[in-house]
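Notes follow once the structure below has been shown.
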Amino acid sequence: MSTYTVTASAELMENYLHTDYLLPQDEFTALQTDSGASLLFSIGTGGILYLTMEAPGQENGWSQVDLSSPQARNDFGSATVTTFGAAQAVPGDTGAQIHLGVALNDGTDDHLYLSLNNSDSDLGWAAAPAWTPAPFNAVDGAGDPVVPPSPFQIVKVLIGEATDQEYIVIDIVRDPGQGVDFVTRYYVDTTTPTPTWKLYDLPIDIEAASDASCIGRSAKAFGVDGIYTMGSVGSSAQLIYTPVYNVFDSPTSPTPPLSTRLYLPDGLIPDAIATARDPDNTSDLYAAAQGALYWFASTNQLRDPNDPTSPTAVCVVTSPLLTGVRKLYASTTDGSVTVWGLNGDNQVFYLTCPVGEQATPTAWNVPLAIFGQVDAISPFTDRGYSANTFFAHSATGMVKVVKSPTTGLWSSRGNTLPPSDATQPPSVIHSYTTHIEVTDSNGNRAANVPVTLTASNLTSVYINNLYYIVGTSPLEVPTDALGTVTIVETTESLAGTRYQVSVTSQPPIAVNTMETAWQRNAQYTTVASLQAAQIVSRDGSTRAFVPAGTSTKDLQSVAQSNQALATAYAKLSKTRPRPWLRPRVRRRRTTTPSWSISATCSACWSRPPASICSWRSSRRPETRSGIWPSPSTTPSNTP
């Protein structure tokens, strides 16, 4: 067996990426493949339903397909998507399935289409999804057709996540053009040859503009899903649970299911509600109201005839972050329940608690604000790494935000798509770039040698110009023709990833990507060193890093802060990382892309302290001449 020598270096630097970024979407829902890769269903420009898929091992990392336009052209010539529903059945013995429902508007009326039982492992169906039309065909108690309202407007498409049966509920505008748009709810039965619309009566009125229902199942609902609906009648709060259908219904004499009223303490009106599905298909209900989170266990959702005020929620968390909650989401994964929310200050927060301890306030974490200036989110828990994840729509566009299960740190990334124009200039990114070189026993560079990587935290990176997700599971990639592996991790701070790198059965080496930048920063611990710092621009000109007239007192404060940071870093960087070994090694394809990343070293990270560099304060990139080791080819249009 050959003996190899592995060397590595890393730098905080400027790179270029030839890509487009996912633009803001009107409505979106995030799901995932069986391996944990993200799937984002969304309504984009022009009223088109898109699926944006994360694609590890590909050049850009994400790809996008149009799910709705072929069907719209075929049936209407032209039609737009007004709303949609997407759900992923909780994994069972046969694997998870993805269910979709979409409302296509022909210019006057909405039309429902369903695409059910799609694989979450083989996404070949996305290239040409099978849409089944589900025209409105409800009948009344006498069996006569119900005349649909005109225009026919679908407000909401709810699809359940149960593994034992598909549940699809549709809300439509009851009387269009009547000032206040109240909705009528229908259950779509897909067990019949043609999907059948069945009236789903509710004891309260729901306005289309405030339709905040969610689907789930009470533990004592006899195995039938139901809808949790919040609203109000006058000043009276209403929160009800209604089964989708009456399980004891007689085919010859159908009767509507009975609703159960749920209560918050002191008659509070919920701001938002969410369900968390359990493995047995039952669901707990969570409600946010006036700065608190309330919990209904799945077993606490049935009325006790001897207690007209039951069931009543349990208050589990109070926090200012829970004020004015606009959206709430919940899920149960790997023995923990996680609740995400978007509050009135446009902040994303999350809470988590071990399953079985929800009623204990101290079992919940302190609510934390993760992201700000957000107007919509869609969260999930990554099945591949058990990582809390959500997509967010903010003023800067769409981003994917992930909490590393090993470090607890949150990171955000834009969704990079293939460029729409091959001649467009590349985007500037700031990154930790790690260069790994492998040589054989004769000192020659070793090409196509498998290199195994693990990382201290879960992150997305570019390795030899291809997109990967790297974390605690070993990832195997080959060296290029020059015997190198180049890892590019985008960053907007000094936080970077630490890797362990090994070749064959040789002991791994540790690579701390932050080491060079932090050690350089640690040198600026005196007033004199700060005053002497220079910034070198692209053209070679220099300027003083510290503005003229800066007081000695201020510089002394910065120097002391750098001393403290250097001391803390020296201590923490020696902490032995957690063991990062799992038995499965993921091997990726090695197709050479047509475009590669180049890199130039940034002067604001090589001379003045990185913690207060010009890019962080002004975002004005300034680089020195000289090229950081790059992939084997460099595009001619590199700036």
Side-chain angles (χ1 to χ4, degrees), residues 30 264-266 268 270-278 283-297 300 312-382 385-392 394 399-412 456-459 471 492-495 564-565 568 571-572 575 578:
L264 298 185
D266 302 320
L268 292 176
D271 296 321
I273 57 175
T275 55
R277 184 80 67 162
D278 296 321
S283 59
D284 293 353
L285 176 68
Y286 295 87
Q290 296 190 15
L293 180 69
Y294 296 88
W295 170 60
F296 289 94
N300 184 33
T312 302
V314 177
C315 180
V316 294
V317 177
T318 58
S319 170
L321 285 176
L322 297 172
T323 301
V325 175
R326 297 189 286 116
K327 291 290 184 179
L328 202 65
Y329 305 86
S331 72
T332 302
T333 307
D334 293 338
S336 295
V337 59
T338 303
V339 178
W340 295 269
L342 183 61
N343 67 19
D345 292 328
N346 297 326
Q347 295 173 310
V348 180
F349 64 86
Y350 92 107
L351 304 100
T352 186
C353 171
V355 171
E357 300 182 35
Q358 292 97 315
T360 306
T362 55
W364 293 82
N365 70 295
V366 176
L368 299 173
I370 308 164
F371 221 62
Q373 300 303 308
V374 172
D375 54 40
I377 64 171
S378 183
F380 62 92
T381 301
D382 185 324
Y385 292 94
S386 297
N388 286 334
T389 307
F390 65 89
F391 284 84
S394 66
V399 294
K400 178 184 176 182
V401 187
V402 181
K403 179 185 179 183
S404 172
T406 52
T407 65
L409 297 176
W410 291 88
S411 62
S412 63
S456 60
N457 59 285
L458 182 63
T459 185
E492 293 188 356
S493 71
L494 288 179
L565 287 171
K571 180 178 179 180
L572 292 174
T575 302
R578 298 171 63 177

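Since the model is a prediction, treat every value here as computed from it, not as a measurement.
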Practice item. Identify which one of Val314, Leu285, Leu268 satisfies the side chain to side chain contact (heavy atoms under 4.5 Å, CB included) criterion when paired with Tyr294. Key: Leu268
Check your understanding: Ignoring hydrogens and geometry, is there a side-chain-to-backbone donor-acceptor pair from Asn343 to Asp345 under 3.5 Å?
Key -> yes
Revision key, fill the gap. Here the gap from Tyr329 atom OH to Ile377 atom CD1, rounded to the nearest 0.5 Å, amounts to 5.5 Å
Exercise for review: State, yes or no, whether a side-chain contact exists between Val355 and Thr332 at a heavy-atom distance under 4.5 Å.
Suggested key: yes
Check your understanding: What is the minimum heavy-atom distance between Pro270 and Ala289, and which atoms define it?
Key -> CA-CB, 4.1 Å
Check your understanding: How about Ser331 and Trp340: do any of their side-chain heavy atoms sit closer than 4.5 Å?
Key -> yes
Check your understanding: Between Leu351 and Leu322, is any pair of side-chain heavy atoms under 4.5 Å apart?
Key -> yes
Check your understanding: Closest approach of Thr381 and Asn388, non-hydrogen atoms and distance?
Key -> OG1-OD1, 3.6 Å
Check your understanding: If you take all heavy atoms of Val402 and Ala387, which pair is closest and at what distance?
Key -> CG1-CB, 4.0 Å
Check your understanding: If you count the non-hydrogen atoms of other residues, nucleotides and ligands that lie under 6.0 Å from NZ in Lys327, is the total more than 12?
Key -> no
Check your understanding: Taking atom CG of Leu409 and atom OG of Ser456, what is their separation to the nearest 0.5 Å?
Key -> 8.5 Å
Point to revise | Close side-chain approach of Thr338 to Thr333, heavy-atom, < 4.5 Å | key: no
Review point. Taking it one step at a time, do Val325 and Phe349 satisfy side-chain contact (heavy atoms from CB on, under 4.5 Å)?
Key: CA-CA 10 Å; Val325 175; Phe349 64 86; 3.9 Å; yes
Exercise for review: Side-chain contact test, heavy atoms from C-beta onward, threshold under 4.5 Å: evaluate it for Val339 versus Leu328 and give yes or no.
Suggested key: yes
Exercise for review: Evaluate the side-chain proximity of Ser404 to Thr459: yes if any heavy-atom separation is below 4.5 Å, no if none is.
Suggested key: no
Review point. Does the Asn300 side chain pair with the main chain of Thr312, one donor and one acceptor, at a distance under 3.5 Å?
Key: yes
For residues 358-369, which side-chain donor-acceptor pairs fall under 3.5 Å, sequence neighbours excluded?
residue: Gln358; atom: OE1; partner: Gly356; partner atom: N; Å: 2.7
residue: Gln358; atom: NE2; partner: Asp284; partner atom: OD2; Å: 3.4
residue: Trp364; atom: NE1; partner: Gln358; partner atom: O; Å: 2.9
residue: Asn365; atom: OD1; partner: Thr352; partner atom: N; Å: 2.5

Study note, to complete from the structure: Of all heavy-atom pairs linking Val374 and Ala376, the shortest is CG1-O, 3.3 Å
Check your understanding: If you measure from CG on Asp271 to CG on Leu293, what distance do you get to the nearest 0.5 Å?
Key -> 11.0 Å
Practice item. Fit a plane to each ring of Tyr350 and Trp410, take the angle between them on a 0 to 90° scale, and name the class: parallel (under 30°), tilted (30 to 60°) or perpendicular (over 60°). Key: perpendicular
**Study point:** Interatomic distance, Phe371 atom CZ to Ser394 atom OG [nearest 0.5 angstrom]
**Key:** 5.5 Å
**Study point:** Spacing of CD belonging to Glu357 relative to OG belonging to Ser336, to within rounding of 0.5 Å
**Key:** 9.5 Å
Exercise for review: Write down the atom of Ala330, the atom of Ala274, and the distance for their closest heavy-atom approach.
Suggested key: N-CB, 3.9 Å
Point to revise | Least distance between heavy atoms, Ile273 atom then Ala287 atom | key: CG2-CB, 3.9 Å
Study note, to complete from the structure: In this structure, CG of Leu565 is separated from CG of Leu494 (nearest 0.5 Å) by 9.0 Å
